[in-house]
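Chain identifiers are assigned alphabetically (A, B, ...) following the order of the sequence lines, protein sequences preceding nucleic acid strands; residue numbering begins at 1 within each chain.
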There are 2 protein chains.
Amino acid sequence: MIKVVAKCTVKNGQVNKFKECCERLLSETKKEEGNISYDLYQDINEENVLTFLEEWESPEILDIHTKTSHFTEVIPQLSELLEKDMEVNIYEKC
Amino acid sequence: MIKVVAKCTVKNGQVNKFKECCERLLSETKKEEGNISYDLYQDINEENVLTFLEEWESPEILDIHTKTSHFTEVIPQLSELLEKDMEVNIYEKC
């Protein structure tokens with residue numbers, strides 16, 4: 001099992017639009033085989049920091065995810081709303 | 001429930017020492033009331049990125065954690081092994 005942290009710093013005034021854009025990605029991704037969890041979280045101290053916290057069965061399954069239409073179509077929309085590049089880390093337990 | 005991502009960028013050659021220092025913090029923290037999960041993860045692409053992925057019942061419980069002896073004694077040890085400041089985000093689900 002791997003965990004992914006995909007941290008997004010959203011432009012001021014774009015948080016709601018960002019959340020709307022995420023809805024399709026969230027609902028479609030949760031249906032994918034091999035996805036364990038996939039949710040969007042907001043920092044309680046920095047409201048423009050929104051982060052996907054994800055769990056996947058394997059790196060190979062995650063790779064398939066990144067080739068789905070909902071991923072390839074939504075991620076560019078999200079990127080336009082970001083202050084800086086999405087910070088993605090893929091983790092294995094120590 | 002809140003989730004915490006505490007991302008550490010460890011100095012080259014200090015990863016093993018960092019993991020050793022974390023052992024006490026990991027074992028003691030898991031015993032704390034109100035802790036749901038608390039584990040150390042390593043980025044599969046960047047071996048010097050080690051991150052605590054945590055789940056707590058509430059921000060108040062997390063606050064108590066930061067005042068425990070294992071926290072106040074170990075965190076300074078870890079800080080000495082870091083390339084840059086620990087990046088901590090406290091999240092609530094959207």
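- Under a hydrophobic clustering in which Ile, Leu, Val, Met, Phe, Trp and Tyr are joined whenever their side-chain heavy atoms come within less than 4.5 Å, directly or via other members, M86(B) and F18(B) fall into the same cluster.
- Residue E47(A): no heavy atom, backbone or side chain, is found under 4.5 Å from chain B.
- If you measure heavy-atom distances from N89(A) to chain B, the contacts under 4.5 Å come from both the backbone and the side chain.
- In summary, of the residues considered (D39(A), L50(A), V15(A)), a side-chain contact (heavy atoms from CB on, under 4.5 Å) with C94(B) occurs for L50(A) alone.
- Paired with Y91(B) under the rule side-chain contact (heavy atoms from CB on, under 4.5 Å), one option of N45(A), D43(A), I44(A) passes, and it is D43(A).
- For V5(A), the part lying under 4.5 angstrom from a heavy atom of chain B is the side chain only.
- Residues L78(B) and Y38(B) share a hydrophobic cluster, clusters being chains of Ile/Leu/Val/Met/Phe/Trp/Tyr side chains in contact below 4.5 Å.
- Atom-to-atom distance recorded for E92(A):CD and L40(B):CG is 12.5 Å, nearest 0.5 angstrom.
- Taking all atoms of both residues into account, the shortest heavy-atom contact from K3(A) to Y41(B) is CE-OH, 3.2 Å.
- In the hydrophobic clustering of ILVMFWY residues, with side-chain heavy atoms under 4.5 Å counting as a link, L82(B) and V4(B) come out together.
- Residues E87(A) and E87(B) are in side-chain contact: their nearest non-hydrogen atoms beyond the backbone lie under 4.5 Å apart.
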K7(A) and K7(B): CA distance, side-chain angles, deciding distance, side chain to side chain contact (heavy atoms under 4.5 Å, CB included) verdict | CA-CA 11 Å; K7(A) 181 175 173 179; K7(B) 181 175 173 179; over 6 Å; no
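- Residues F71(B) and L81(B) share a hydrophobic cluster, clusters being chains of Ile/Leu/Val/Met/Phe/Trp/Tyr side chains in contact below 4.5 Å.
- Within 6.0 Å of the NZ atom in K93(A), the count of heavy atoms belonging to other residues, nucleotides or ligands does not exceed 12.
- I75(B) is connected to W56(B) through a chain of hydrophobic side-chain contacts under 4.5 Å among Ile, Leu, Val, Met, Phe, Trp and Tyr, so both are in one cluster.
- Contacts between K19(A) and chain B at a heavy-atom distance below 4.5 Å involve the side chain alone, from C-beta outward.
- Residue-environment remark: CD (E73(A)) exceeds the threshold of 12 foreign heavy atoms within 6.0 Å.
- The contact between L53(A) and chain B is made entirely by side chain atoms (from C-beta outward), counting heavy-atom distances below 4.5 Å.
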